[in-house]
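Worksheet for the structure shown next.
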2 protein chains.
Amino acid sequence: MTTAVTTNEVTLAVSTVIFALGPEGLRIPLVRRIRQPFEGQWALPGGPIETREPLEAAAGRNLLETTNLRSTYLEQLYCFGDVDRAPGERVVSVVYWALVRSDEAELAVEGENVRWFSADDLPPLAFDHNVIVDYALWRLRTKMEYSQIAHAFLGETFTLAELRRVHEAVLGRPLDPANFRRQVEASDAIIATEQHITGGRHRPPRLYRYDTSVALTDNGPLNKKSEARRVVS
Amino acid sequence: MTTAVTTNEVTLAVSTVIFALGPEGLRIPLVRRIRQPFEGQWALPGGPIETREPLEAAAGRNLLETTNLRSTYLEQLYCFGDVDRAPGERVVSVVYWALVRSDEAELAVEGENVRWFSADDLPPLAFDHNVIVDYALWRLRTKMEYSQIAHAFLGETFTLAELRRVHEAVLGRPLDPANFRRQVEASDAIIATEQHITGGRHRPPRLYRYDTSVALTDNGPLNKKSEARRVVS
DNA sequence: CCAAAAGTGTTGAATTTACACCCATGA
DNA sequence: TCATGGGTGTAAATTCAACACTTTTGG
């Protein structure tokens, strides 16, 4: 899966760190390498960059091919280019990170060479992929505190408790329900619907909808260029 | 200057946005292209990536070759890879941004094909370089608010007024001297020396020193790997 | 003494945090 | 009715912003 375009001197590849939120916390799909180097070890999904394919589309394609999922959020993480990342050859990897909705992640394919792991308990990965995942985790947690990316884990509508549990799972600490409610209400990123969820043994919570006129994250002049950055085919 | 390694299908290059702080604000050195495409137009300093050269070292080398300066701060900005960035061929550019000390920027070489421009008043640049500079400017201003990168513009010791003027120039708005003092003192990023600057027609200000045990910016697990990221040859 | 910038103090507003308390539902 | 989580109120603590005021130098 981590094949790549071979050039005269430098190999250019695209890899993607995919996050989904399960009951036990953050999970990441990995693929088993079927050739040397690191044959048999787990690695990030990655693939060749085709000549007329945008980098971001390559990341979205890798995602689709390995998990059969589409991402609600996709962003470039970093370009890794250390000379000794791969034994024997120079590989430069443009790495993206993606978030997929929890309900869709249930349907994700899993097989002999594709498996989901807990993000906090990964095996030793091929290349420098452990460092890459650490960095992606750090970015996810940092960005969660000042942006609205938590919505990317949820469906069209959601309760405030669901949204709060996303934050708690990613940040790894409990949040005060009362204060959390006020913070997200003050941010104007959500719109209250008139629907409520019944069936629980308690007061039915109101459903909210994400305000699509508010960008998930502020990347400055960059998301002006391609507004379709959020949803990738 | 924006030559690059030619591959089978994709060209990989490194470019650098260099910021210095002059009396009139932020300034950026550009180089004039001496070949097609965009011959004669101004562009970011960039160069080929050599097979056994780290990406960051390539950025530092471009910096040294075009301005004869060394950077006190160098960080990866983004990897630009749109298919139509360059006419006729696919070029993927790993872009870095750098800060150089104001006193050293005075010594920077300038010639027929290298000139410094005001960051807020750039001519139309080659390729997508205007977008790149806009993004670098946004990152600089955003990062200035929560990190300590302002020190990279200053020398070994500095007064609080000098530090404040850096912030004011980058952010483009005046800051309250009293509150600014308390903020940076509370951040523990600076150390008071016993030296003062005399000669002004006012009370001599105390000199401060940057606390090197505090990282300029928090990039998570990334600066653990190469601690020498701050000073580049 | 005066001007100018360094440096300190103070006050009110805004924000965060902790937690008490009421509401609506299923069993 | 009780248990449970949804939802509101509120007061203390902390941080932020504005600005008055004192200090120290050169002229």
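Every heavy atom of this structure was used, including side-chain atoms; hydrogens, water molecules and symmetry mates were not. Quick note on labels: first sequence line is chain A, next is B, and so on, each numbered from 1.
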Report the C-alpha separation of Asp211(B) and Ser213(B) in whole Å, then their side-chain angles, then the decisive distance to 0.1 Å, and conclude whether the side-chain hydrogen bond (donor to acceptor under 3.5 Å, both in side chains) test is met. CA-CA 5 Å; Asp211(B) 184 353; Ser213(B) 72; 2.8 Å; yes
Checking the side chain of [X] only, and the main-chain atoms of [Y] only, is there a donor and an acceptor separated by less than 3.5 Å?
{"X": "His129(A)", "Y": "Ala43(A)", "result": "no"}
{"X": "Asn130(B)", "Y": "Leu125(B)", "result": "yes"}
{"X": "Ser71(A)", "Y": "Ala98(A)", "result": "no"}

Can you tell me how far [atom2] of [Y] sits from [atom1] of [X], rounded to the nearest 0.5 angstrom?
{"X": "Arg115(A)", "Y": "Thr66(A)", "atom1": "CZ", "atom2": "OG1", "value": "15.0 Å"}
{"X": "Trp97(A)", "Y": "Thr16(A)", "atom1": "CH2", "atom2": "OG1", "value": "12.5 Å"}
{"X": "Trp138(A)", "Y": "Leu222(B)", "atom1": "CH2", "atom2": "CG", "value": "8.5 Å"}
{"X": "Thr159(B)", "Y": "Arg164(B)", "atom1": "OG1", "atom2": "CZ", "value": "8.5 Å"}
{"X": "Arg173(A)", "Y": "Leu171(A)", "atom1": "CZ", "atom2": "CG", "value": "5.0 Å"}
{"X": "Leu99(A)", "Y": "Leu21(A)", "atom1": "CG", "atom2": "CG", "value": "9.5 Å"}

If you measure from the Lys or Arg side-chain nitrogens to the Asp or Glu carboxylate oxygens, is any gap between Arg141(B) and Asp134(B) under 4.0 Å?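 Salt bridge flag = no for Asp134(B) with Arg141(B).
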Is the shortest distance from a Lys or Arg side-chain nitrogen in Glu75(B) or Arg139(B) to a carboxylate oxygen in the other one below 4.0 Å?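 Yes, charged N to carboxylate O under 4.0 Å.
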Bounds of contact between DNA chain D and chain B, in 5' to 3' order, using a heavy-atom cut-off under 4.0 Å: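 Listing 5' to 3', DNA chain D meets chain B from dA17(D) to dG26(D).
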Identify, residue by residue, the members of [range] with a heavy atom below 4.0 Å from DNA chain C, and return them in order of residue number, or none.
{"range": "residues 171-184 of chain A", "value": "Asp176(A), Ala178(A), Asn179(A), Arg182(A)"}
{"range": "residues 151-170 of chain A", "value": "none"}
{"range": "residues 192-204 of chain B", "value": "Arg201(B), His202(B), Arg203(B)"}

Going 5' to 3' on DNA chain C, which nucleotide is the first and which the last to come under 4.0 Å of a heavy atom in chain B? dA3(C) to dT10(C)
Donor-acceptor list for residues 144-156 of chain B side chains, cut-off 3.5 Å, not counting sequence neighbours:
{"from": "Ser147(B)", "atom 1": "OG", "to": "Lys143(B)", "atom 2": "O", "distance (Å)": "2.8"}

Decide salt bridge (Lys or Arg N to Asp or Glu O under 4.0 Å) for Glu194(A) and Arg206(A); before the verdict, give the C-alpha distance in whole Å, the side-chain angles of both, and the deciding distance to 0.1 Å. CA-CA 7 Å; Glu194(A) 291 311 311; Arg206(A) 181 188 293 267; 3.6 Å; yes
Ring centroid separation Tyr135(A) to Tyr78(A) under 6.0 Å: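 Yes, close enough.
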